[in-house]
Amino acid sequence: MAIGMKKIPYPVRLNLSRTPTPLEPLSRLSEKFGVDLYVKRDDLTGADLTGNKIRKLEFLLADALAGGCDTVITCGAAQSNHARATAIAAVRLGLGVRLLLRTRDPDNPPPLEGNILLDRLVGAEIVWLTFEEYGRRAEMLAAEAESLRNSGKTPYLIPEGGSNAMGAWGYVRAVEELAFDLATLPGAQEQPTTIIHATGSGGTTAGLILGVKLVGLNARVVGINVCNDRDYFLRVVGDICQTAIDTYKLELPFSPERDIEIVDGYVGRGYGKAGSEELSLIREVARSEGILLDPVYTGKAFYGMSQELQRNPEVFGGRIVFVHTGGLFGLFPMADQIAPLL
Ligand SMILES: *Cc1c(COP(=O)(O)O)cnc(C)c1O
């Protein structure tokens, strides 16, 4: 069997996540859609650290420590799961943390709820950016790093979502876990699997694509974008994959058009905004399976997957793994919007 035969050249990693996470069957929804549907429970990577970002941070923060850094800087949306996971993990390692978060009016920042509450609770410094400033985030992050250096600190910059070549290793490792779990299922050897997940900043998609190649798993990776569009992610995910291949000398065949599959059309009302379709779906999954999806990422991706399956039950083949990438804290600030459905 191919799995585990080839040694994967992982960089140094810190052990911060509760992994491997379980792969669980969704029996009632499998019946409904007429496929074998499983969920990779990456919402269980930690209670406070729930979600996909801690997998990336295990590699990124190891790199930060190796470089002698004392302060981590990153950026994201106001309710960024990545910013929250970074803040908590950094504090656990004794590092300072500065978050550049975007909001309509930095003079009137959003209320202390969901992820923001946790950012503040662990003492992260938050710098509020306008949407215009956030558009220039690379420049804003660099300026913030410069000011930290001027005050004698040694900052480590993490891009939006932890999505770069280093962060992508987190999902290579997740594919390795999946390969072991899938090998225990009936028909494991020959049956192909489609791995479906939400794409937000592209690092998870990139890591899954690289992981499937490195592990030699018979799987197709499908990202459902929750912002931007397909062309944007072919470029962003393509860049991360290519940079990883070059930096770590992975010697893998890679072509963005052939290897990156993004199902566009489910951004809905826009990034971070959920409509009644997605919220109803979140309610359905909660009530039929006891699985809690979030309104920004996993709810939209699951909604997209279910729409595609309703249109064509064979579209993803007979076996699907939905990666639950977390996001639970994003549900709470939407209580008012969910209330009419309950
Ligand atoms: C960030 C995030 C994603 C998207 O992952 P990317 O690697 O940024 O594409 C999906 N789900 C949740 C809950 C997230 O926080």
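Numbers here are sequence positions counted from 1. In each ligand, atom 1 is the first atom listed, and ligand 1 is the first ligand listed.
- When side chains are defined from C-beta on, Glu308 counts as touching Tyr266, because their heavy atoms get closer than 4.5 Å.
- Taking distance alone, with nitrogen or oxygen atoms compared against 3.5 Å, Gly202 approaches ligand 1 more closely than that limit.
- Judged by distance alone, the side chain of Arg230 and the main-chain N or O of Asn225 form no donor-acceptor pair under 3.5 Å.
- Between Arg173 and Glu176 there is no salt bridge, since none of the side-chain N atoms of the basic residue sits less than 4.0 Å from a carboxylate O of the acidic one.
- If you check which protein heavy atom lies closest to atom 11 (N) of ligand 1, you get Thr325 OG1, 2.6 Å.
- A heavy-atom distance below 4.5 Å is not found between the side chains of Arg235 and Asp231.
- Heavy-atom distances between Thr205 and ligand 1 stay at or above 4.0 Å for every pair.
- When side chains are defined from C-beta on, Pro295 counts as touching Leu331, because their heavy atoms get closer than 4.5 Å.
- Side-chain contact check for Glu160 versus His82: every heavy-atom pair is 4.5 Å or farther apart.
- Where the criterion is an N or O separation shorter than 3.5 Å, residue side chain and backbone included, Tyr297 fails it with respect to ligand 1.
- A 4.5 Å side-chain heavy-atom check between Thr21 and His324 finds every atom pair outside the cut-off.
- The protein heavy-atom contact nearest to atom 7 (O) of ligand 1 is Lys56 NZ, 2.5 Å.
- Contact check for Tyr248 versus Pro11: side-chain heavy atoms found under the 4.5 Å cut-off.
- Close N/O approach between Thr204 and ligand 1 is found [any backbone or side-chain N/O within under 3.5 Å].
- Proximity of His197 to ligand 1 is not established, as no heavy-atom distance is less than 4.0 Å.
- For ligand 1, the polar-atom distance check against Gly200 finds a nitrogen or oxygen pair separated by under 3.5 Å.
- Within the structure, ligand 1 has Lys53 among the residues with a heavy atom less than 4.0 angstrom away.
- For atom 8 (O) of ligand 1, the closest heavy atom belonging to the protein is Ser201 OG, 2.5 Å.
- The nearest heavy-atom contact from the protein to atom 5 (O) of ligand 1 is Asn52 ND2, 2.9 Å.
- Using 4.0 Å as the threshold, Gly51 has no heavy atom nearer than that to any atom of ligand 1.
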